[in-house]
2 protein chains.
Amino acid sequence: MVRKQLTGDQPLRLDNQICFAVYSAAHAFNRVYKPLLDRLGLTYPQYLVMLVLWERDDVPLKDIGEKLFLDSGTLTPLLKRLEAAQLVKRTRSTEDERQVLISLTPQGHALKEKARAVPQSILAASDCSVSELVAMKNEIVALRDRLNAVIGE
Amino acid sequence: MVRKQLTGDQPLRLDNQICFAVYSAAHAFNRVYKPLLDRLGLTYPQYLVMLVLWERDDVPLKDIGEKLFLDSGTLTPLLKRLEAAQLVKRTRSTEDERQVLISLTPQGHALKEKARAVPQSILAASDCSVSELVAMKNEIVALRDRLNAVIGE
DNA sequence: TCACACTTAATTGTTCGCAATTGAACACGC
DNA sequence: GCGTGTTCAATTGCGAACAATTAAGTGTGA
């Protein structure tokens, strides 16, 4: 009966929950990134926004939100801080005045070069081969997308 | 040369970053948990604390922090909210008055039974076999621990 | 014993993250 | 054209998350 009792509790054990693994890994990543991003003057979510803009400039706020799974309640104040840091500019679209377009300033563009060092440092910290990381990334993304599909129902 | 340019940018592409995969998966989990935990009157971090206490009662705040990788700045207010919800009690240890011991109230204990439904729902939402999830969890935990090892240096 | 370092929680201030609401701009159907 | 519904950003309020500091309790060595 003790065996039965233990079995019944297994699903509730912290160490058995993939979700806690993901949650704590995200925080671990955050802590590794922190000193690297401090040199760029960015927080991690701000860094993500900059990654989006370095790929494509002049993006509507909404598109950034869709890529990062964030809403305007998060992005509006974050982007205002990036604007205060003179890394981005926020302008209302002329053809659709509901939209706010986010574009890089020259400083924002320039920061990309300093940022190139970041992924290298992370790779080193992960102590993992690139192929292993890519495989894991793909699995995690697949899981994330299945979860998001459930939410969308 | 275009080829070269693209290659140089690959490490900075959002979709190539395992860290964004983990970050966005954590948020996806959070969104799936939300409606389930709403029924228990818990947020996700509060749920994690309850998981710890359901495994072992009467735990020092510090130990909870070590298990969840959280510090007193996060846990103190969170535990005060759990206390206000009458799920836990906070008492100073008598043998070491620096420590605050966290223990479950009868309501806190009782909530465990309602919580058993949660992991099942998550499993269903992940649309994955248990063995696949366990394998992924182990990989992610291993990665997290390597990252944490780097931080500790 | 007493100064000093260490441990532990609590506090303060900043930034995320999201739900819910508001208000402005657009699209459409008639 | 004109009301209706939709889209989009901004705002408000609350709960994390963490850095940095404070304060109290404990342990140790001279």
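The figures here come from the full heavy-atom set of this structure, side chains too, leaving out hydrogens, waters and symmetry mates.
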First-last contacting nucleotides on DNA chain C - partner chain A, under 4.0 angstrom, heavy atom:
C:dT15 to C:dC26
Heavy-atom count check: over 12 atoms from other residues, nucleotides or ligands less than 6.0 Å from [X] [atom1]?
X        : atom1 : answer
A:Glu66  : CD    : yes
B:Gln107 : CD    : yes
B:Lys137 : NZ    : yes

So B:Tyr44 and B:Phe29, ring-ring contact (aromatic ring centres under 6.0 Å, His included) or not? Walk me through it.
CA-CA 9 Å; B:Tyr44 181 67; B:Phe29 266 119; 8.2 Å; no
Pair A:Lys67 + A:Asp63, salt bridge at N-O below 4.0 Å
no
Is the shortest distance from a Lys or Arg side-chain nitrogen in A:Glu83 or A:Arg90 to a carboxylate oxygen in the other one below 4.0 Å?
yes
Considering heavy-atom distances to DNA chain D, does A:Asn30 or A:Glu66 have its closest nucleotide positioned more toward the 5' end?
A:Glu66
Nucleotide-resolved protein contact map, nucleotides 9-16 of chain D, B/S/- at heavy-atom distance under 4.0 Å
BBB---SS
Working note: B:Leu61 + B:Leu79, criterion side-chain contact (heavy atoms from CB on, under 4.5 Å); need CA distance, chi angles, decisive distance, verdict.
CA-CA 9 Å; B:Leu61 185 149; B:Leu79 288 166; 3.7 Å; yes
Would you call the rings of B:Phe20 and A:Phe69 parallel, tilted or perpendicular, where under 30° means parallel and over 60° means perpendicular?
parallel
